[in-house]
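Reading through the structure tokens given below for one structure.
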2 protein chains.
Amino acid sequence: MPSLPDSEAARDLDDVLTWNVVRVARFVGNRLAGRLASLGLNPIQFGVLAFLEKEGELTTAEIARAVLLRPQSVAPLLDGLEGRDLICRVGDRGKGRRNPVRITDAGSEALEQAWVIALAANDLGDAALSRDESNELNRLLLKIALATEP
Amino acid sequence: MPSLPDSEAARDLDDVLTWNVVRVARFVGNRLAGRLASLGLNPIQFGVLAFLEKEGELTTAEIARAVLLRPQSVAPLLDGLEGRDLICRVGDRGKGRRNPVRITDAGSEALEQAWVIALAANDLGDAALSRDESNELNRLLLKIALATEP
DNA sequence: CATCGAGTAACAGAATTCTGTTTCTTCGAG
DNA sequence: CTCGAAGAAACAGAATTCTGTTACTCGATG
């Protein structure tokens with residue numbers, strides 16, 4: 001990255017990588033949320049179901065780590081999914097007590113449709129990116145994500 | 001992007017571009033927030049000050065569009081910055097009345113330090129990206145950001 | 001068997017951002 | 001001059017996520 005001029009006025013947020021990542025995340029996040037809304041899901045719920053489908057059974061703490069939220073934020077989200085019979089809880093609940101959840105058949109069906117939407121959203125043609133550029137973008141993001149995985 | 005197998009179990013969130021953008025945004029956003037905390041600023045406040053420095057004077061609605069938040073979310077943020085004498089309001093406040101703000105000298109000073117931190121955060125060496133890769137990532141993000149600018 | 005540390009979940013409340021609605025200003029058209 | 005449309009800000013409350021703390025489980029160790 002070329003050195004920027006010292007002059008404050010010349011500084012541009014377009015040169016701040018973090019600003020651009022967050023701003024594009026806002027755009028693509030809202031874009032996916034809009035598309036998933038037809039299923040009554042938001043991107044985090046989609047992620048939770050995707051992890052449960054893949055892992056079989058996960059606790060609140062494990063799900064929180066997987067979707068990068070705090071366990072306190074995940075608990076009410078799971079309550080909502082449970083209320084809609086998309087997941088079910090296994091065993092007793094209580095402080096200190098592991099409380100795993102599993103996806104239900106209804107959850108798997110909703111997830112199936114969500115996958116179609118999520119993968120279609122990979123196409124950023126509407127946002128001026130070619131397929132090769134989307135792939136490169138994903139590769140760079142994954143490199144960061146995997147390097148910073150907890 | 002290669003076709004994915006039909007099997008649900010084979011699907012991986014690593015293949016969902018939106019998921020990766022949002023997850024990396026979370027990481028770099030928190031990373032920048034951590035670094036800016038020493039100035040008592042968060043990334044949005046930094047962005048607001050940067051736009052004010054550049055544009056001179058902006059209304060709540062204009063700032064909201066610039067930082068991609070709702071005006072209702074920006075108003076209390078501006079109240080906070082005003083309380084710390086980093087910005088000042090121009091003219092009277094009221095419903096329907098344009099209420100521009102300007103950055104103060106103290107705000108410019110804080111912004112000066114924030115710029116150093118924000119640009120240093122462009123270095124993603126700690127997240128396994130080379131300088132060329134960071135530049136390419138920024139280029140791709142900017143392409144999306146500018147194509148989707150309101 | 002007792003103790004302890006790590007990890008998990010619950011509890012409480014703050015921070016941030018959103019949606020929806022109402023009230024007002026401003027400006028251009030007729 | 002009047003009126004209507006567009007835009008701006010205020011108001012109210014919901015949704016989402018966070019920080020901090022407390023209470024508990026569970027497995028390893030002595």
Side-chain angles (χ1 to χ4, degrees), chain A residues 18-19 22-23 25-34 36-37 40-48 51 55 57-84 87 89-101 150, chain B residues 18-19 22-23 25-34 36-37 40-48 51 55 57-84 87 89-101 150:
Chain A
T18 304
W19 188 261
V22 171
R23 132 195 210 189
R26 214 174 249 289
F27 167 70
V28 294
N30 289 337
R31 178 171 173 271
L32 179 60
L36 285 173
L41 294 176
N42 65 38
I44 296 290
Q45 288 169 324
F46 161 65
V48 168
F51 277 114
E55 305 295 333
E57 184 173 291
L58 291 169
T59 65
T60 304
E62 289 165 340
I63 291 171
R65 279 192 293 274
V67 300
L68 307 178
L69 294 182
R70 298 294 195 265
Q72 302 90 325
S73 304
V74 171
L77 185 151
L78 295 179
D79 288 340
L81 290 175
E82 186 185 26
R84 291 169 57 193
I87 66 165
R89 287 179 183 272
V90 178
D92 300 322
R93 291 186 69 174
K95 277 183 175 181
R97 190 176 287 277
R98 298 171 58 87
N99 189 220
V101 297
Chain B
T18 305
W19 187 261
V22 172
R23 134 195 210 192
R26 212 173 250 289
F27 166 70
V28 293
N30 289 338
R31 179 170 171 272
L32 179 58
L36 286 173
L41 294 175
N42 64 38
I44 296 291
Q45 288 168 324
F46 161 65
V48 168
F51 276 113
E55 307 294 333
E57 182 172 294
L58 291 170
T59 65
T60 305
E62 288 165 340
I63 292 172
R65 277 192 294 274
V67 300
L68 307 179
L69 292 181
R70 297 293 195 266
Q72 302 91 324
S73 305
V74 170
L77 184 153
L78 294 180
D79 288 337
L81 291 174
E82 186 184 28
R84 292 168 56 193
I87 65 164
R89 289 180 182 272
V90 178
D92 299 322
R93 290 187 69 173
K95 278 183 176 180
R97 189 176 288 276
R98 297 171 59 85
N99 189 219
V101 298

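The structure presented is a predicted model; accordingly, all values stated were derived computationally and were not measured. Any value given below was found using the heavy atoms of this structure, including those in side chains, with hydrogens, waters and symmetry copies removed. We name chains A, B, ... by the order of the sequence lines, and we start the count at 1 in each one.
Rounded to a whole Å, the CG atom of Asp92(A) is 14 Å from the C1' atom of dC24(D). In this structure, CD of Gln45(A) is placed 14 Å from C1' of dT17(D), rounded to the nearest angstrom. In this entry the distance linking CG of Leu68(B) with C1' of dT17(C) reads 13 Å, nearest Å. Separating the CG atom of Asn42(B) from the P atom of dC18(D) is a distance of 15 Å, rounded to the nearest angstrom. For the pair Leu36(A) CG and dT16(D) P, the interatomic distance rounds to 13 Å; values are reported in whole Å. Distance, Leu58(A) CG to dT8(C) P: 12 Å, rounded to whole Å. Here dT16(D) presents its P atom at 8 Å from CG of Leu77(A), a figure rounded to the nearest Å. Separating the CZ atom of Arg70(B) from the P atom of dG7(D) is a distance of 16 Å, rounded to the nearest angstrom.
Where Pro76(A) and Asn99(B) each meet DNA chain D at their nearest nucleotide, the meeting point lying more 5' is that of Asn99(B).
Rounding to the nearest 0.5 Å places CG of Leu58(A) at 9.5 Å from CZ of Arg65(A). Rounded to the nearest 0.5 angstrom, Leu77(A) CG and Ile44(A) CD1 are separated by 7.5 Å. One finds the CZ atom of Arg89(A) at 5.0 Å from the CG atom of Asp79(A) (value rounded to the nearest 0.5 Å).
Electrostatic pairing of Arg98(B) and Glu57(B) does not count as a salt bridge here, judged by no charged N lying under 4.0 Å from a carboxylate O.
Heavy atoms of Ile44(A) sit under 4.0 angstrom from primed sugar atoms or phosphate atoms, though from no base atom. Among the protein residues, Thr60(B) comes within range of the sugar-phosphate backbone only, with heavy atoms under 4.0 Å from sugar or phosphate atoms but none that close to a base.
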Encode nucleotides 21-28 of chain C as B, S and - characters from 5' to 3', where the letter depends on protein heavy atoms closer than 4.0 Å: B to the base, S only to sugar-phosphate, - to neither.
-BBBS---
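Under the side-chain contact (heavy atoms from CB on, under 4.5 Å) test applied with Val48(A), the options Asn42(A), Leu41(A), Leu78(A) reduce to a single match, Leu78(A). Each of Leu36(B), Val28(B), Asn30(B) was scored for a side-chain contact (heavy atoms from CB on, under 4.5 Å) with Leu32(B), with one residue passing: Leu36(B).
Dashed line: the shortest gap from a side-chain N or O of Arg89(B) to OP1 or OP2 of dA9(D) is not under 4.0 Å. Under 4.0 angstrom from either OP1 or OP2 of dT16(C) there lies no side-chain N or O belonging to Ser73(B).
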Test Gln45(A) against Ile87(A) for side chain to side chain contact (heavy atoms under 4.5 Å, CB included), laying out the working first.
CA-CA 11 Å; Gln45(A) 288 169 324; Ile87(A) 66 165; over 6 Å; no
